[in-house]
Amino acid sequence: MPAGTFTMGDSSGDENPGDGETPRHEVTLDAFEIDATTVTTADFARFVQDTGYRTEAETFGFSAVFHLAVAADPADIMGQADATPWWFGVQGADWAHPGGPRSDVDGLADHPVTHVSWNDAQAYCDWAGRRLPTEAEWEYAARGGLDGAKYPWGDAEVDEGGWRANIWQGVFPRDNTLEDGWLTTAPVRTFEPNGYGLWQPVGNVWEWCQDWFHPGYYRSSPGDNPSGPGAGTGRILRGGSYLCHISYCNRYRSSARSSNTPDSSMGNAGFRTVAARS
């Protein structure tokens, strides 16, 4: 990624209240290197084989699985989330068993790894000699050089002229028509890369970033190489996922933001890395 200046924040008017996508502001970044894709299950398997690392989902004994993707015995289903009942806590769900104990990652080597927490992503980065992108770096790279555009490919909607990203089609959360070909994750090199060569920066899986989250951060963010608030309770997630739909979660936009606690893991979140600064 070349050094440069871009305008960060929502320009479409579709921002979600409370997410802090505005005010729009200019950001200048030094040059950096970023992965073309999210980290795959094959990548993560090499890390685990080399280090013996156990993810937080494995340590805690469970993770969050979308209800249509559950592959577990009824006794392994711990219950539904109150505010989001389409998420089940499933014992035995982890990066190698994304649907639960009755699933595996056979045939998913080129899919994004999921059920990794922010802490797990940090551990992978330490092993790989890399780091997570800052939120500003992520948005700059995701935009693909289209400053102010709604999506990495421009302003055309995601289904205009053929599907451009892996999101939900149909009536969320029960009826997915699978028009884009995928109920959950797609291989990391699906659809078309953006102008900077990044594949699927929106849709497919949420991507962990380095920063703490605060909805008011853009009002005081520095103009040069911002790295987020000094503290917080949640870490930034960017890009949306295969569960996003305009009726529920229109966060498959370049400026969209979300967050979760750094020890949380779920079946629709992964990460990509950048080169560690010298």
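All values below were derived from every heavy atom in this structure, side-chain atoms included, with hydrogens, water molecules and symmetry-related copies excluded.
- When atom types are taken as modelled, the side chain of Q169 and the backbone of D180 share a donor-acceptor pair closer than 3.5 angstrom.
- Remark: the backbone N or O of D106 is paired with a side-chain donor or acceptor of D104 at under 3.5 angstrom.
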> Given E15 and R253, is the salt bridge (charged side-chain N to carboxylate O under 4.0 Å, His left out) satisfied, shown in steps?
Replying inline: CA-CA 9 Å; E15 64 175 303; R253 295 171 289 106; over 6 Å; no
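- When the side chains of ILVMFWY residues are joined at heavy-atom separations under 4.5 Å, either directly or via intervening members, V113 and W182 end up in two distinct hydrophobic clusters.
- Listed for the Q200 side chain is no donor-acceptor partner under 3.5 Å among the backbone atoms of G239.
- Side-chain atoms of S117 and N119 form no donor-acceptor pair, as typed in the model, at a separation below 3.5 Å.
- Using a 4.0 Å cut-off between charged nitrogen and carboxylate oxygen, D76 and R102 do not count as a salt-bridge pair.
- Between the R257 side chain and the I236 main chain, no donor and acceptor come within less than 3.5 Å of each other.
- Of the possible donor and acceptor atoms, none in the side chain of D211 sits under 3.5 Å from a partner among the backbone N and O of F213.
- Cluster annotation: F47 is not connected to V105 through the hydrophobic network of ILVMFWY side chains, with a link wherever side-chain heavy atoms come within less than 4.5 Å.
- A distance of 11.5 Å separates NE2 in H67 from CD1 in I77, rounded to the nearest 0.5 Å.
- With hydrogens and angles ignored, the 3.5 Å screen pairs no side-chain donor or acceptor of H115 with any backbone N or O of T55.
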>> S255 vs R143, test: side chain to side chain contact (heavy atoms under 4.5 Å, CB included). Steps then yes/no.
In response: CA-CA 9 Å; S255 65; R143 288 186 175 278; 3.7 Å; yes
> Step by step, would you call E139 with F6 a side chain to side chain contact (heavy atoms under 4.5 Å, CB included)?
Replying inline: CA-CA 9 Å; E139 185 171 326; F6 78 109; 3.9 Å; yes
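- The hydrophobic clustering, which links ILVMFWY residues whose side-chain heavy atoms are closer than 4.5 Å, places V65 and L68 apart.
- Atom CG of D10 sits about 8.5 Å away from atom NZ of K150, to the nearest 0.5 Å.
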>> Run the side chain to side chain contact (heavy atoms under 4.5 Å, CB included) test on R189 and T37 for me, step by step, so that the C-alpha distance in whole Å, both residues' side-chain angles and the decisive distance to 0.1 Å come before the verdict.
In response: CA-CA 7 Å; R189 284 183 170 85; T37 75; 3.7 Å; yes
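- Of the listed residues (T185, N268, N166, N204), just one forms a side chain to side chain donor-acceptor pair (under 3.5 Å) with S241, and that residue is N268.
- Under the 4.5 Å side-chain criterion, counting only non-hydrogen atoms from C-beta, W127 is in contact with D50.
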>> Is there a side chain to side chain contact (heavy atoms under 4.5 Å, CB included) between M266 and W206? Walk through the geometry before answering.
In response: CA-CA 10 Å; M266 48 277 186; W206 284 101; 5.7 Å; no
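- Counting heavy atoms from C-beta outward, T134 and F32 have side chains that stay 4.5 Å or more apart.
- Using a distance-only test at 3.5 Å, with no hydrogens or angles considered, no donor-acceptor pair links the side chain of T273 to the main chain of C125.
- Classified by interplanar angle (parallel below 30°, tilted 30° to 60°, perpendicular above 60°), the ring pair Y248/F172 is parallel.
- Pairing each heavy atom of W138 with each of P201, the nearest pair is CZ2-O, 2.9 Å.
- The distance from atom NE2 of H214 to atom OG1 of T233, rounded to the nearest 0.5 Å, is 9.0 Å.
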>> Between Y124 and F271, is the ring pair (Phe, Tyr, Trp, His ring centres under 6.0 Å) condition met? List the steps.
In response: CA-CA 10 Å; Y124 177 94; F271 65 104; 5.3 Å; yes
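- The only option from F66, Y242, Y252, W86 that meets the ring pair (Phe, Tyr, Trp, His ring centres under 6.0 Å) definition with W168 turns out to be F66.
- Atom CD of E192 has 12 or fewer neighbouring heavy atoms from other residues, nucleotides or ligands inside a 6.0 Å radius.
- D43 places a side-chain N or O within donor-acceptor distance of the main-chain N or O of T40, the cut-off being under 3.5 Å.
- Side chain of R272 to backbone of D35: a donor-acceptor contact under 3.5 angstrom is found.
- In summary, of the residues considered (E135, E21, E137), a salt bridge (charged side-chain N to carboxylate O under 4.0 Å, His left out) with R238 occurs for E135 alone.
- Of the possible polar contacts, none joining the H111 side chain to the T41 backbone as a donor-acceptor pair under 3.5 Å is found.
- V188 is not connected to W95 by any chain of hydrophobic side-chain contacts under 4.5 Å among Ile, Leu, Val, Met, Phe, Trp and Tyr, and they are in different clusters.
- Transitive grouping of hydrophobic side chains (ILVMFWY, heavy atoms separated by less than 4.5 Å) brings L178 and L243 into a common cluster.
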